[in-house]
Number of protein chains: 2
Amino acid sequence: MAKNHSKNNSKEHTRDRIINSAKRLFAEQGYQKTTIVDISRQAGLSEAALYDYFQGKEDLLQMIPDLWVSELLRDLEEQLFGIKGAVNKMRKYLWWYMRRVEQSPLDAKIVYLFLKTNANFLNTEVYSNVKKLYSHLVDIFEEGRKSGEMKPDLDPLVARDIFVGTMDHIISRWLLKDMSYSLFDNLESIFELMVDAFKANNSQ
Amino acid sequence: MAKNHSKNNSKEHTRDRIINSAKRLFAEQGYQKTTIVDISRQAGLSEAALYDYFQGKEDLLQMIPDLWVSELLRDLEEQLFGIKGAVNKMRKYLWWYMRRVEQSPLDAKIVYLFLKTNANFLNTEVYSNVKKLYSHLVDIFEEGRKSGEMKPDLDPLVARDIFVGTMDHIISRWLLKDMSYSLFDNLESIFELMVDAFKANNSQ
DNA sequence: AGTATTTTCCTAATAACATTAAGGTTTTTT
DNA sequence: AAAAAACCTTAATGTTATTAGGAAAATACT
């Protein structure tokens, strides 16, 4: 029993060690320049042993965003729960996501810089989860439109493009610049401008 | 004389043939999955001959965006010349860029999907030209602010982030979805929303 | 023209790397 | 304690980027 427990732990531990080594190395040196030897050394194994845990280098790369994004998805609904009003939800979404990125810069770096290179990204688990993350945004804009908080003719998909595009752009630059400043700089004024774009024009 | 001319032509021709082969293959199969043999076969040479024209695979990848982006930069000033008003310039910028992307989808694909992977992207020629492309946008927003066409407290850098982020997002998705629809779908309503975000609120 | 030089290209190394083969050692189960 | 399973290792194997070394063709020079 106790042995079984400790064994399972150690197995999980090894797997995690490999993932964390890969994460650090991919984020530091990029996917191409990181070798399987690098990763397995860092994790304290031989190269061959790594193949008992993962199918290969691509598989290992995929695993990192897989874990991160599905955890984000789990957290998101929790975070939006109980918040009233589309603008308030939109605000929470933005601040929440930026904080999550700031908390997991290595995961974010891999998602933003190395994932899209994968030819069949559209067929991955990650993409389907990212779409779910986005769909919450679409719901928020739809709610805003219906409640009269936002423009009556607001296209929720267009609003999402502006929102996500802006977020992603800010994050990409932050990652490229090696996270040398805070992601929250200017966030308030960015948010205000986007609200101006979406909100109902009461004065007309 | 005649020989010299034809020789220079053929030299340029070979170089171009290599670049175009690489462009097609990188865009089709991705950078990693494209081999030097693939490229040189396609261009009608041996692998080794390719190294007389380019330093290596990375160098070849870099070359493609280099050429495209610097040509874009040359064209941009021409295109904005004579257009009056910040909103009109902003509109022209958006439509111009989208058309250029639609006209050179292979270049765009390489820029958008494979370039940021490069660890020292920030130190490349391309990045410095991209920054110049962006700086025209900042100028436009600054002009709009000063002329009263846009909000008096509009931060031009923030406006640029929204504008570029939105554009890039739409383009990335279009590229990932294999250019299966028109980039100009919804462009009008996207533009209108962005204008609402930036423009002076006359009714207040 | 005829020789020297440069350009362009090729066939073979070379070396780095991902992935597999084959099997040993330790742990768990019975 | 024997059998099975889990975990790990060293030594291939095969692919691929890059170099070496030099042939063939074009160009320049006399």
Please report, rounded to the nearest Å, how far the [atom2] atom of [N] is from the [atom1] atom of [X].
X      : N       : atom1 : atom2 : answer
D52(A) : dA22(C) : CG    : C1'   : 13 Å
L50(B) : dT11(C) : CG    : P     : 15 Å
L61(A) : dT19(C) : CG    : P     : 12 Å
R17(A) : dC7(D)  : CZ    : P     : 12 Å
Y53(A) : dT19(C) : OH    : P     : 18 Å
H13(A) : dC8(D)  : NE2   : C1'   : 17 Å
L60(A) : dC17(C) : CG    : P     : 17 Å
E58(A) : dC17(C) : CD    : P     : 17 Å

Any donor-acceptor pair under 3.5 Å from [X] side chain to [Y] backbone:
X      : Y      : value
T34(A) : L25(A) : yes
D75(A) : E71(A) : no
R17(B) : A43(B) : yes

Please work out which residues in residues 29-46 of chain A have a non-hydrogen atom less than 4.0 Å from an atom of DNA chain C and list them by number.
T34(A), T35(A), I36(A)

When you measure from the side chain of Y51(B), which nucleotide among dC7(D), dA17(D), dC9(C) comes out closest?
dA17(D)

Would you mind checking if R41(A) and E47(A) are paired as a salt bridge, meaning a charged N to carboxylate O distance below 4.0 Å?
no

Under 3.5 Å, which donor-acceptor pairs link side chains of residues 108-117 of chain B to any protein atom two or more places apart or in another chain?
unit_1: K109(B); atom_1: NZ; unit_2: A27(B); atom_2: O; d: 3.4
unit_1: Y112(B); atom_1: OH; unit_2: Y97(B); atom_2: OH; d: 2.9
unit_1: Y112(B); atom_1: OH; unit_2: D168(B); atom_2: OD1; d: 2.8
unit_1: T117(B); atom_1: OG1; unit_2: F114(B); atom_2: O; d: 3.0

Could you report the tightest heavy-atom contact between V126(A) and V69(A), atom names first, then the distance?
CG1-CG2, 3.8 Å

